[in-house]
Trainee: 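This is the structure I have questions about; it appears just below.
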Amino acid sequence: MTDSQRFLSLDVFRGLTVAAMILVNNPGSWSYVYTPLEHATWHGCTPTDLVFPFFLFAVGNAMSFSMKKYAGQGHAAALKKIGQRTLLIFGIGLLLNWFPFFRWNGENQLVLKPLSQLRIMGVLPRIALCYGFAALIIHFAGERRSFVIVGCLLLAYWWLLPAFGQSDPYSLEGYAGLRLDKWLLGEQHLYKGEGVPFDPEGILSTLPAICNVIFGYLAGSYIQQKGKDYPMLCGLLIAGCVLVFAALCWNLVFPINKKIWTSSYVLYTTGLALLVLSILMYAIEFRGWRKAASFFEVFGKTRSSFTSCPACW
């Protein structure tokens, strides 16, 4: 892609997300964390809760550029590349979950950390699965049918939770995904940070997270098709407002919740991502305020910032 075709605002959006990711993972003292840098206790959404879905949205943006070359390579080549990238990033996630590989036992001996207690899911494994499934859906279904599939996934997830949940299906104890993770992965392989074995990046909640990637792809494709003009920018703004409004309405019956990645949370975070991207695009592409964004541009373009973004490789 030439410089004339490049959308710097997409790089800045990705860089802003990576910088925010670094900030929320390194807030200083964990005993005195600034409130906006904390996740919502359960229902609701803080600025920190926007980072992960924004990153998935950015992965989708990058895919809208990188996946064009798959069309002429045939299904076998596309499957190979998507599969390799998915497995690689998932494997890196497992290694990071296992790191530092060794621990001191009660006899002050250095022993290998047992794989029987390795957390299988996590941030990087979720990115890998979301990228892999989103890439397959887009490659085989095309853009229009991918949009329909997104709607089906979000509605299906809304139906699944009450259908297979217990008592309050949107609570930690009643969440259907908790039972699925315990059955498929086992309690010893789940995250323990909630006080009980529960993985916020579990298997079932990965389904709606795939939609964040597909939404990012559709937004990136729309921007490329329309070009740098005000009707395109208005389209992004309107879509962002509509999604946020729809999410707030849906929140009345299906609460916005990151830890179980509700469908209303998908719409809410995607809508906000579109609004942020619209503001960045207006400031950078239309007003030419590039110097003010140069700091985040570095994060968005530096190769090391893409280590968890297989679509950027």
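Residue indices begin at 1 and follow the sequence shown. In this text, all values refer to a predicted model and were calculated from it rather than measured experimentally.
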Trainee: CG/N251 to CD1/I256 distance, rounded to the nearest 0.5 angstrom?
Mentor: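 Reported to 0.5 Å precision, the distance equals 4.0 Å.
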
Trainee: Looking at CG of L204 and CZ of R179, how far apart are the two atoms once the value is rounded to the nearest 0.5 Å?
Mentor: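 Rounded to the nearest 0.5 Å, the CG-CZ separation comes to 11.0 Å.
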
Trainee: What heavy-atom pair brings G174 and S171 nearest, and what distance separates the two atoms?
Mentor: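 Reported closest heavy-atom pair: N-OG, 3.1 Å.
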
Trainee: Kindly work out whether a path of hydrophobic side-chain contacts (I/L/V/M/F/W/Y, heavy atoms less than 4.5 Å apart) joins V242 to I223.
Mentor: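 Per the 4.5 Å side-chain linkage, V242 and I223 are not co-clustered.
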
Trainee: Does anything in residues 168-177 pair up under salt bridge (Lys or Arg N to Asp or Glu O under 4.0 Å), and if so which pairs, sequence neighbours excluded?
Mentor: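 Found none.
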
Trainee: Would you give the length of the straight line joining atom CG of L190 to atom CG of L185, rounded to the nearest 0.5 angstrom?
Mentor: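 Result: 6.0 Å between the selected atoms.
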
Trainee: Less than 4.5 Å apart, side chain to side chain, heavy atoms only: is that true for M21 and F54?
Mentor: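 A side-chain contact under 4.5 Å is absent here.
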
Trainee: Between E285 (side chain only) and K228 (backbone N and O only), is there a donor and an acceptor less than 3.5 Å apart?
Mentor: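 Not a single qualifying donor-acceptor pair exists.
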
Trainee: State yes or no: do L252 and L248 share one hydrophobic cluster built from I, L, V, M, F, W and Y residues joined by side-chain heavy-atom distances below 4.5 Å, directly or via other members?
Mentor: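 The answer is no; the residues belong to distinct hydrophobic clusters.
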
Trainee: Going by side chain to side chain donor-acceptor pair (under 3.5 Å), name the pairs with one or both residues in residues 186-208, residues two or more places apart or in two chains.
Mentor: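 Matches after skipping sequence neighbours: R119-D199, R119-E201, R126-S205, R126-T206, E194-K259.
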
Trainee: Is S264 reaching over with its side chain to a backbone N or O of W250, donor-acceptor style, under 3.5 angstrom?
Mentor: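 A pair under 3.5 Å: no.
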
Trainee: What's the separation between atom CZ in R14 and atom CZ in F57, rounded to the nearest 0.5 Å?
Mentor: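 Separation between the atoms: 12.0 Å.
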
Trainee: Looking at F245, I'd like to know if its CZ atom is crowded, meaning that more than 12 non-hydrogen atoms belonging to other residues, nucleotides or ligands lie closer than 6.0 Å.
Mentor: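 12 or below, so no.
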
Trainee: Is it the case that atom NZ in K113 sees more than 12 heavy atoms from other parts of the structure closer than 6.0 Å?
Mentor: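 Enclosed: over 12 neighbouring heavy atoms sit under 6.0 Å from NZ of K113.
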
Trainee: Using the side-chain contact (heavy atoms from CB on, under 4.5 Å) criterion, which residues pair with L87? Sequence neighbours excluded.
Mentor: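 With neighbours one apart ignored, the set is empty.
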
Trainee: Tell me, please, which residues at least two apart from R144 pass side-chain contact (heavy atoms from CB on, under 4.5 Å).
Mentor: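 Expected list: none.
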
Trainee: I'd like to know whether I210 forms a side chain to side chain contact (heavy atoms under 4.5 Å, CB included) with L56, so could you lay out the CA-CA distance, the side-chain angles of the two residues, the decisive distance to 0.1 Å, and finally the verdict.
Mentor: CA-CA 8 Å; I210 295 169; L56 292 178; over 6 Å; no

Trainee: So, using salt bridge (charged side-chain N to carboxylate O under 4.0 Å, His left out) as the criterion, who are the partners of D181 when residues are at least two apart?
Mentor: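 None.
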
Trainee: Filter on ring-ring contact (aromatic ring centres under 6.0 Å, His included), then keep only pairs touching residues 207-243, sequence neighbours left out; what's left?
Mentor: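 Qualifying pairs, neighbours excluded: Y230-F286.
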
Trainee: Return the orientation label for the F140 and H75 ring planes: parallel under 30°, perpendicular over 60°, tilted otherwise.
Mentor: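 F140 and H75: tilted rings.
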
Trainee: Just grab all the salt bridge (Lys or Arg N to Asp or Glu O under 4.0 Å) pairs involving residues 131-143, residues at least two apart or on different chains.
Mentor: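 As it turns out, there is no salt bridge (Lys or Arg N to Asp or Glu O under 4.0 Å) pair with a partner in residues 131-143 once direct neighbours are skipped.
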
Trainee: Could you tell me whether F254 atom CZ has more than 12 heavy atoms of other residues or ligands within 6.0 Å of it?
Mentor: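 Yes, CZ of F254 has more than 12 neighbouring heavy atoms, counting only those of other groups under 6.0 Å.
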
Trainee: Under the side chain to side chain contact (heavy atoms under 4.5 Å, CB included) criterion, do V213 and Y131 qualify, and how do the steps go?
Mentor: CA-CA 7 Å; V213 178; Y131 161 77; 5.6 Å; no

Trainee: Return the set of residues passing side-chain contact (heavy atoms from CB on, under 4.5 Å) with P114 (not counting sequence neighbours), or none when no residue passes.
Mentor: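 Partners of P114 under the side-chain contact (heavy atoms from CB on, under 4.5 Å) test: R103, S116, Q117.
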
Trainee: To the nearest 0.5 angstrom, please state how far the CD1 atom of I137 sits from the CD1 atom of I214.
Mentor: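 Interatomic distance, I137 CD1 to I214 CD1, rounded to 0.5 Å: 4.0 Å.
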
Trainee: For I284 and S9, work out which heavy atoms get closest and say how close.
Mentor: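 Nearest pair, atom of I284 first, then S9: CD1-CA, 4.0 Å.
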
Trainee: So if you build clusters from Ile, Leu, Val, Met, Phe, Trp, Tyr with side-chain heavy-atom gaps below 4.5 Å, do L88 and F133 land together?
Mentor: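 Yes, because L88 and F133 connect within a single hydrophobic cluster, where side-chain heavy atoms sit under 4.5 Å apart.
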
Trainee: Tell me whether L267 shares a hydrophobic cluster with I238, the cluster being built from Ile, Leu, Val, Met, Phe, Trp, Tyr side chains joined at under 4.5 Å.
Mentor: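 No; tracing contacts between hydrophobic side chains, which count when under 4.5 Å, never links both residues.
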
Trainee: Where is the tightest heavy-atom contact between P53 and N212, given as atom of each residue plus distance?
Mentor: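 Heavy-atom minimum between the residues: CB-ND2, 3.6 Å.
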
Trainee: Check Y268, Y170, F52 against W261 for a ring-ring contact (aromatic ring centres under 6.0 Å, His included) and give me the one that passes.
Mentor: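 With W261 as partner, ring-ring contact (aromatic ring centres under 6.0 Å, His included) holds for just one option, F52.
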
Trainee: Quick check: closest heavy atoms across S64 and Q224, and the distance to 0.1 Å?
Mentor: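 For S64 and Q224, the tightest heavy-atom pair comes out as OG-NE2, 3.0 Å.
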
Trainee: Name each donor-acceptor pair under 3.5 Å that joins a side chain in residues 270-280 to protein atoms two or more places apart or in another chain, with its distance.
Mentor:
| residue | atom | partner | partner atom | Å |
| --- | --- | --- | --- | --- |
| T270 | OG1 | V266 | O | 2.8 |
| S278 | OG | L274 | O | 2.7 |

Trainee: For M63 and A134, work out which heavy atoms get closest and say how close.
Mentor: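 For M63 and A134, the tightest heavy-atom pair comes out as CE-C, 4.1 Å.
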
Trainee: Mind checking what makes side-chain contact (heavy atoms from CB on, under 4.5 Å) contact with D49, not counting sequence neighbours?
Mentor: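 By the side-chain contact (heavy atoms from CB on, under 4.5 Å) rule, D49 matches H39, A40, C45, T46, K258, Y265.
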
Trainee: How long is the span from the CZ atom in F13 to the CG atom in N61, to the nearest 0.5 Å?
Mentor: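 Output value for this atom pair is 6.5 Å.
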
Trainee: What residues, two or more places apart in sequence or in another chain, satisfy side-chain hydrogen bond (donor to acceptor under 3.5 Å, both in side chains) together with S263?
Mentor: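 None.
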
Trainee: Donor-acceptor pairs under 3.5 Å, side chain of residues 147-159 to any protein atom, not counting sequence neighbours: which ones?
Mentor:
| residue | atom | partner | partner atom | Å |
| --- | --- | --- | --- | --- |
| Y157 | OH | Y175 | OH | 2.8 |
| Y157 | OH | I260 | O | 2.4 |

Trainee: Can a donor-acceptor pair be found, under 3.5 Å and without considering hydrogens, that links the side chain of S146 to the backbone of A141?
Mentor: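 Checked: no pair found.
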
Trainee: Same cluster or not: are W183 and L207 linked, directly or through other Ile, Leu, Val, Met, Phe, Trp or Tyr residues, by side-chain heavy atoms under 4.5 angstrom apart?
Mentor: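 Looking at the clustering, L207 is in the same group as W183.
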
